[in-house]
Amino acid sequence: MGRKSKKAAAAATPAPTAAQDIGALATALGGKTVSMGPGKVRWRPSRISPRAAARAEDAFFLSLEEIDDTGDFTAEDLAADADADTDAGSDGDGTGPRARKKSAASGSHGGVTVGGGDGGDIEDVFGDIDMSTFVHIDEFVEPEPEPPGKKGGAVQPAKRLKRISAEESTPIPRTYADADANEDDEVHDPAQEEDAADADGHEAEAGGSQGELVVDPEILATKVPASSPWLALGLHARIAQTLHWLKFAEPTDIQTQTLSQALIHHRDVIGAAQTGSGKTLAFGLPILHHVAGALDSQKDLGCAGLIITPTRELAVQITDHLKKAGAAVTRKIVAVVGGMSAQKQKRQLATKPHIVDPELQKSIQRVKFLVIDEADRMLEAGHFKDLDEILARISVNVLPADEAAKIKRRTLVFSATMLEDDGIKQRVTAAKKKNKGFGNSIFGKLLEKVNFRDPHPVYINLTTKSVMAKGLLEAKIDCLKTEKDHMLYYVLCRYPGKTIVFVNSIDAIRRLVPILTLLKVQVVGLHAEMQQRQRLKNLDRFRATPNAVLVASDVASRGLDIPKVDHVVHYQLPRSADIYVHRSGRTARANNEGISVALCSPDELTMYKKVCHILGKADGMPDFPVDLSVLTAIKERLALAREVDLLQHREKKAASERDWFRKAAEEADIALSDDEEDGDEGSGSKLAALSAKDVQKMHRMRRELAALLARPLIPKGVSTKYLTSNTVDSLVDVLMASRDRIMPAFQSTSAIDDLRGKLPRNEDAGGAAADAASAAAPKQPKATKQQKQQRRKQMKQQAKDDARGQKRKQRPE
Ligand SMILES: Nc1ncnc2c1ncn2[C@@H]1O[C@H](COP(=O)(O)OP(=O)(O)OP(=O)(O)O)[C@@H](O)[C@H]1O
């Protein structure tokens with residue numbers, strides 16, 4: 001049947017039972033009141049159209065987005081709800097079996113009333129409904145913790161249930177847009193329904209043995225050249241087609257080598273390759289290939305692969321990446337991570353996904369592929385304490401021998417930093433020769449723990465020449481500890497671009513983010529103590545905002561693949577060379593260029609030398625060009641921003657402490673004096689608010705800062721005093737035309753160009769490009785002899801102070 005006639009037929013077909021069922025449920029639930037937690041909520045009928053419901057076949061979408069808090073809750077309400085519910089179960093006006101079942105099962109709960117007075121769960125709400133034909137709830141918006149300063153500290157009832165989408169096992173989405181809508185949004189777009197009808201036409205071609213999977217027509221229309229290197233590696237044709245559709249015309253080196261070992265020779269692989277070199281697909285494609293083959297031959301798959309990653313963000317990212325590459329094979333790839341709804345994850349696991357990316361997930365015993373990503377990190381003492389347990393649980397040794405023999409598990413262990421230091425290569429070779437164990441190093445232990453089935457796992461190491469990505473330029477800025485903020489702000493202003501700033505402590509993130517925000521930098525933070533939801537949200541914001549800055553702890557140093565990160569700044573040097581490699585690897589990914597700048601203070605010199613030594617940088621790193629002439633202006637801004645931040649912080653802290661105090665006093669039935677209530681400064685209370693003088697000061701400084709930020713950063717010696725004078729028309733034009741650029745007095749060269757301009761000519765590494773860039777780069781004003789001497793003196797003094805500080809810390813109290 002042609003596409004048009006199919007559409008016409010679809011339009012003419014009366015809505016199937018699902019639509020009626022929707023009507024039933026909407027009637028049953030619409031306007032119902034349920035108790036959740038200490039309060040009660042009311043939800044509204046579904047706003048879904050019957051047409052959309054018809055399309056959804058045996059699944060349907062019920063939007064519970066808006067749920068009203070209905071205030072107090074009485075026993076009469078309960079009874080009324082129970083009655084109404086029973087009514088809804090009648091077969092009258094379009095009500096169907098689900099509503100009947102719900103009503104019948106509601107029993108003593110009084111219809112949909114669940115959870116009692118102390119904390120219901122959405123699962124309980126739907127516990128009585130036939131879940132097999134119903135929906136699964138994607139996300140239950142948990143109540144935010146009560147903000148300080150709000151009356152009453154008790155946890156409020158959940159007021160919003162966010163999304164409900166089709167059950168995982170129900171029809172595979174018609175299009176990818178549809179798929180995303182299912183996952184991310186409750187709005188059902190008619191345009192998507194049209195797409196859905198289009199995609200229908202291809203279902204038979206694409207579905208294969210899965211029957212249900214509908215592949216994007218664009219993938220199906222993608223031509224794969226007979227000479228495709230993917231096909232030459234024996235990769236399943238549908239995956240090869242998807243990769244060409246993704247514009248991955250050929251595999252990267254690590255992919256070629258891993259696929260040839262894993263697909264052709266069926267070997268276990270230990271792989272090391274530079275950051276951003278495509279390791280995810282190197283270990284992911286063998287799993288997808290296996291899934292595709294099994295589905296073709298209608299084999300029961302179970303859970304095909306388990307990929308263990310050190311961070312939640314990485315698990316989510318790998319899932320997305322493999323979902324894209326496996327779009328023509330399966331969508332049953334799920335991330336199981338901490339900090340998210342355990343219920344949802346349980347439900348997803350119950351759908352028997354083909355691939356799982358857990359952070360800490362247990363009991364997936366019969367996986368065909370086991371992958372340990374960022375393996376060296378996993379091994380770090382005390383970091384991943386559940387790894388042992390997971391490995392023990394999934395070890396085939398715990399299964400009966402005949403079953404264990406059937407599981408021909410492939411094990412793939414990857415990282416960018418399996419540095420030669422570990423002597424892994426020698427150990428694997430030695431083990432090969434003597435058929436011995438892997439020795440006693442940490443790495444050796446991992447290899448033994450992992451229980452490779454292959455007695456001789458293949459070691460692919462593409463980091464022998466350089467562990468750093470090809471397009472990465474590295475540099476350092478020598479500065480005092482107290483100057484790091486200035487240097488950071490200089491880099492951010494002078495070279496706008498997507499930048500990740502790595503710091504060594506969460507406190508540093510908490511300090512830098514508000515200050516940079518006051519300085520109007522588009523900045524977000526990321527660290528392990530943030531709520532998971534906030535972590536993912538901040539990452540999304542960083543991804544979506546041009547020239548955004550992410551200030552992150554090392555939770556972001558490994559694996560994160562954020563396109564177009566221009567710069568990485570090491571605000572502090574990391575504590576080991578491998579972290580330096582991973583941090584720097586967030587830029588210059590997939591053969592792109594990028595720059596990594598380390599801010600290096602005197603107390604970090606030892607670490608700096610160690611990093612250079614391990615990474616074979618005999619000459620150290622080049623100096624990043626900094627024009628010191630703008631430092632005065634930068635210092636002025638930062639000083640103001642810090643003071644404003646300090647006052648703001650004091651004000652906030654005092655307000656939240658006062659609230660806490662007030663609440664505690666209320667609970668203990670203690671009367672507070674007026675002074676204590678108001679937190680008057682004169683009261684001498686620790687909870688004192690800012691004095692009137694301080695408030696005035698804060699406002700004044702905010703205004704000053706705003707005025708400074710409205711002006712461009714001008715190098716010392718360039719005056720803006722006479723900008724309106726006719727005599728400097730051209731300068732005015734330059735400045736005004738580039739009001740958006742913060743440093744108009746500089747040419748807009750990139751950090752890479754400027755650094756290349758400084759680097760000695762290197763014939764092998766794009767010497768001609770460096771020469772050209774050098775010619776184009778602006779001449780940076782040189783520091784005078786006197787300035788240099790003064791700086792050296794300052795740095796020596798700082799080094800002495802730091803050493804003294806260290807000694808003092810080490811002395812026993
Ligand atoms: N064959 C390919 N052709 C083009 N781009 C590719 C190919 N394979 C992967 N990529 C892209 O390269 C980028 C980096 O891939 P990936 O995240 O797998 O790197 P990685 O080696 O795992 O890095 P890290 O060590 O930092 O974890 C991704 O954006 C991915 O889409």
Side-chain angles (χ1 to χ4, degrees), residues 222 224 228-233 235 239-260 269-289 307-327 357 371-378 412-419 460-463 466-472 498 500 502 539 543 552 554-565 568 574 577-594 596:
T222 305
V224 180
S228 163
W230 296 111
L231 294 179
L233 285 164
L235 195 65
I239 305 176
Q241 201 172 24
T242 315
L243 292 170
H244 279 276
W245 173 69
L246 286 170
K247 307 262 181 299
F248 293 174
E250 53 183 45
T252 62
D253 290 350
I254 187 69
Q255 290 163 0
T256 304
Q257 300 211 27
T258 308
L259 290 182
S260 103
V269 174
I270 301 163
Q274 288 87 350
T275 50
S277 59
K279 292 186 288 295
T280 310
L281 287 186
F283 58 68
L285 290 178
I287 312 180
L288 291 173
H289 175 84
I307 301 169
I308 307 179
T309 70
T311 67
R312 298 162 183 183
E313 286 75 10
L314 200 46
V316 171
Q317 177 186 295
I318 292 175
T319 305
D320 290 347
H321 198 11
L322 295 187
K323 270 186 178 175
K324 274 189 196 134
D357 285 348
V371 177
I372 302 185
D373 191 19
E374 309 292 352
D376 54 333
R377 173 73 173 139
M378 301 294 219
L412 311 170
V413 176
F414 277 77
S415 184
T417 45
M418 301 211 240
L419 302 176
I460 303 169
N461 183 6
L462 304 186
T463 64
S466 167
V467 75
M468 309 306 287
K470 247 188 246 161
L472 181 76
K498 205 161 264 204
I500 304 184
F502 283 105
L539 265 184
R543 272 200 179 93
D554 283 313
V555 77
S557 65
R558 281 185 181 255
L560 281 193
D561 183 51
I562 297 170
K564 298 192 184 128
V565 172
V568 164
D578 61 319
I579 302 180
Y580 173 83
V581 172
H582 286 281
R583 283 179 174 186
S584 306
R586 293 320 97 208
T587 182
R589 300 178 68 73
N591 286 331
N592 288 309
E593 288 192 324
S596 154

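Only heavy atoms go into these numbers, but all of them, side chains included; no hydrogens, no water, no symmetry mates. Start at 1 with the first residue, then count along the sequence. Both ligands and their constituent atoms are indexed starting at 1 by order of listing. Keep in mind it's a predicted model, so treat the numbers as computed, not measured.
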Practice task
Using modelled atom types only, decide if a donor and an acceptor are shared between the side chain of Lys279 and the backbone of Gln274 within a distance under 3.5 Å.
Solution key: yes
Exercise for the section: Give a yes or no on whether the backbone of Phe248 and the side-chain of Trp230 come within a donor-acceptor separation of less than 3.5 Å. Expected result: yes
Handout entry: ligand 1-proximal atoms of Lys247, by part, heavy-atom distance under 4.0 Å
Key = neither
Fill in the blank from the handout: Result for side-chain contact (heavy atoms from CB on, under 4.5 Å) between Thr258 and one of Leu281, Leu285, Asp253, Ile460 points to Ile460
Practice task
Quick one: look at Asp561 and ligand 1, take heavy-atom pairs under 4.0 Å, and tell me if it's side chain, backbone, both or neither.
Solution key: side chain
Practice task
Kindly identify the option in His582, Gln274, His321, Glu374 whose heavy atom sits closest to atom 30 (C) of ligand 1.
Solution key: His321
Problem - Proximity of Lys279 to ligand 1 by residue part, where a heavy atom lies under 4.0 Å - result: both
Fill in the blank from the handout: Ranked by distance from atom 8 (N) of ligand 1, the top protein heavy atom is Gln255 NE2, 2.8 Å
Practice task
Compute the minimum heavy-atom distance from Ala273 to ligand 1 and say whether it is under 4.0 Å.
Solution key: no
Fill in the blank from the handout: For Arg586, the ligand 1 atoms with a heavy-atom partner under 4.0 Å come out as 26 (O)
Completion exercise
The option among Phe283, Phe414, Phe248 carrying the non-hydrogen atom nearest to atom 6 (C) of ligand 1 is Phe248
Fill in the blank from the handout: Rounded to the nearest 0.5 angstrom, the CG-CG distance for Leu314 and Asp561 is 9.5 Å
Practice task
Give the numbers and elements of all ligand 1 atoms closer than 4.0 Å to a heavy atom of Ala590.
Solution key: 12 (O), 13 (C)
Exercise for the section: List the closest protein heavy-atom neighbour of atom 27 (O) of ligand 1: residue, atom name, distance to the nearest 0.1 Å. Expected result: Gly559 CA, 3.2 Å
Handout entry: With Asp578, the salt bridge (charged side-chain N to carboxylate O under 4.0 Å, His left out) member among Arg558, Arg377, Arg583
Key = Arg558
Problem - Donor-acceptor pair, side chain of Gln241 and main chain of Thr222, under 3.5 angstrom - result: yes
Problem - Main-chain N/O of Ser277 paired to Thr252 side chain as donor or acceptor, under 3.5 Å - result: yes
Practice task
Answer with yes or no whether Gly585 contacts ligand 1, where contact means a heavy atom under 4.0 Å from a ligand atom.
Solution key: no
Problem - Ile579 to Ser557 - nearest heavy-atom pair and separation - result: CG2-OG, 4.3 Å
Practice task
May I ask you to identify the nearest protein heavy atom to atom 18 (O) of ligand 1, giving residue, atom name and distance to one decimal place in Å?
Solution key: Thr280 OG1, 2.7 Å
Completion exercise
Here the atoms of ligand 1 under 4.0 Å from any heavy atom belonging to Ser277 are 19 (O), 20 (P), 21 (O)
Practice task
Please confirm whether Trp230 comes under 4.0 Å of ligand 1, counting heavy atoms of the residue only.
Solution key: yes
Handout entry: For Glu250, the ligand 1 atoms whose distance to one of its heavy atoms is below 4.0 Å
Key = 1 (N), 2 (C), 3 (N)
Practice task
From the options Thr275, Asp554, Thr417, select the one residue that forms a side chain to side chain donor-acceptor pair (under 3.5 Å) with His582.
Solution key: Thr417
Handout entry: Test item: Asn592 side-chain N/O and Arg589 main-chain N/O as donor-acceptor pair under 3.5 Å
Key = yes
Practice task
List every atom of ligand 1 that sits less than 4.0 Å from any heavy atom of Arg589, numbering the atoms from 1 in the order shown and giving each element.
Solution key: 14 (C), 16 (P), 17 (O), 19 (O), 20 (P), 23 (O), 24 (P), 26 (O)
